[in-house]
Amino acid sequence: MSYCIASYRCYDSKADFHKKASSIAIGMTVGSWTELPAAKQQSMKKHLGEVISVDVHESEQGERYADIQIAYPDANFSSDIPALLITVFGKISMDGQIKLTNLQFSDTFLKAFTGPKFGIEGVRRILGIPERPLLMSIFKSVIGHDLDELTRQFTAQALGGVDLIKDDEILFENDLTPIEKRVAACRKAADDVQAQTGKKVLYAANLTGHTFHLKEQAKKAIDSGANALLLNVLAYGYDVLHELARDPEINIPIMAHPSLAGAYYPSPYYGISASVLLGQLMRIAGADLVLFPSPYGSVVMPKEENMAIREQLVSPELPFRHSFPVPSAGIHPGLVPLILKDFGNEVIINAGGGIHGHPEGASAGGKAFQQAIDAALAGTSLADYAAQGHHELRQALELWGGER
Ligand SMILES: CSCCC(=O)C(=O)COP(=O)(O)O
């Protein structure tokens, strides 16, 4: 028989965790067991969940908890992420202090998925950058602005030498800059910059609106020249990402935004761990690039959790292309050596305020980041590199600090 296995951490000062585990295994599968007549038990056996392990611990603070693993027969659910999540964590997510900490997927389940269409290698191929860390900037202050203003901002960012530019996730369909016009204007600006500098830039346009119209919107964007898309995955659901990613006509990288993830992962007692939410499920559903908070910036995630997301995005355990990790929020050039130390070169350094807030503007902001990347790759301290005539970096370090 084939199973998907869910791991949980449950806190309770006095519960019998073995009893709790078997009540989950039965309750989330066949519903009742001992009450069934013998013949019925035999026929239902293939649907019965199985407790794999129950390890009871006490935390340093004296809290009693258990790590529980339960196997769920694939026969019980269709091979899609909503069915899996409802099976392993639907009702029980509301039943006491319980957190879903990991998933192991059966080959049968994974057969229904193809993962990212491009992944790290594909994005690098499109950009023609085989090895170095990539640099992305985020549009900021675009609500209420028209296409001319957007084009101006795009050009300033692109001239700073960034590899990708993404929409702010709070830019929705609107009359001033609807997706097809926004894409056309930014694509033209990208082509103009490329003609001037020789450098290609990908622009991820935010795909928004009613769920049932998203594919239509995506195709409109592609017809206007889109070369990447951004999706607020948790608001729409993983299955929406999967539908977009597996559509052969949507043949451009998809970037997953973590908006809303904080409603799920930060508590040790409840929710879904960040590595499942922003690692495993994003990659299976087909995200080529995944944004998440970092341990260093303005929205802080503990380093261990951060590394666990990264691990899932590139783990050989999943038979899919690797998704690009994009640690984000409050990133400035002074943080680049830390990011590269933790993530290596397979990372996208991503900044909004850290680019636009540079004293000389967004182009200088991009240059400061490029200089920080060059310094870190050369093993030179940022302060030394800044002192070697890289004044954009020097200004960024003076403003935001960082390794000196
Ligand atoms: C919490 S990860 C998402 C980061 C993001 O989308 C963003 O706009 C960050 O902007 P910042 O100015 O903090 O670089």
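Note that ligands are numbered from 1 as they come in the structure, with each ligand's atoms numbered from 1 the same way. Bear in mind the structure is a predicted one, so any value in this text is a computation, not a measurement.
For ligand 1, none of its N or O atoms has an N or O atom of Ile138 under 3.5 Å away. Close N/O approach between Lys140 and ligand 1 is found [any backbone or side-chain N/O within under 3.5 Å]. Residue contacts with ligand 1: Gly330 is placed with a nitrogen or oxygen under 3.5 Å of a nitrogen or oxygen of the ligand (distance criterion only). Checked against a 3.5 angstrom limit, the closest N/O atoms of His257 and ligand 1 fall inside it. Distances between N or O atoms of Phe292 and those of ligand 1 include no value under 3.5 Å.
The proximity of Lys166 to ligand 1, defined as any non-hydrogen pair under 4.0 Å, is limited to the side chain. Under 4.0 angstrom from ligand 1, there are no non-hydrogen atoms of Ser259.
For ligand 1 and Ala329, the ligand atoms under 4.0 Å from any heavy atom of the residue are 1 (C), 9 (C), 13 (O). Which parts of ligand 1 touch Ala351 is read off a 4.0 Å heavy-atom cut-off, strictly below it: atoms 14 (O). Near Pro258, with a cut-off below 4.0 Å to any heavy atom, the atoms of ligand 1 are 2 (S).
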* Can you list the steps and then say if Val142 with Thr177 is a side-chain contact (heavy atoms from CB on, under 4.5 Å)? -> CA-CA 9 Å; Val142 281; Thr177 55; over 6 Å; no
* **Stepwise side-chain contact (heavy atoms from CB on, under 4.5 Å) test for Leu135 and Gln370** => CA-CA 8 Å; Leu135 175 61; Gln370 275 192 68; 4.1 Å; yes
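In this structure, the ring of Phe154 has its center less than 6.0 angstrom from the ring center of Tyr203.
Taking a cutoff of 4.0 Å between a charged side-chain nitrogen and a carboxylate oxygen, Lys140 and Asp168 qualify as a salt bridge.
Closest to atom 4 (C) of ligand 1, if we only count protein heavy atoms, is Ser328 CB, 3.6 Å. What sits closest to atom 14 (O) of ligand 1 on the protein, heavy atoms only, is Gly352 N, 2.8 Å. Of all protein heavy atoms, the one lying nearest to atom 12 (O) of ligand 1 is Gly353 N, 2.7 Å.
Side-chain contact, Glu63 with Tyr269: a donor N or O sits under 3.5 Å from an acceptor N or O. In summary, the side chains of Asn206 and Thr208 do not present any donor paired with an acceptor at a separation below 3.5 Å, with no hydrogens or angles considered. A donor and an acceptor atom, one from each side chain of Ser259 and Glu169, are nowhere located under 3.5 Å apart.
A donor-acceptor pair is defined here as one N or O able to donate and one able to accept, closer than 3.5 Å; no such pair exists between the side chain of Arg321 and the backbone of Glu121.
Using 4.0 Å as the threshold, Gly354 has no heavy atom nearer than that to any atom of ligand 1.
No more than 12 heavy atoms of other residues, nucleotides or ligands shown are found within 6.0 angstrom of NZ on Lys181.
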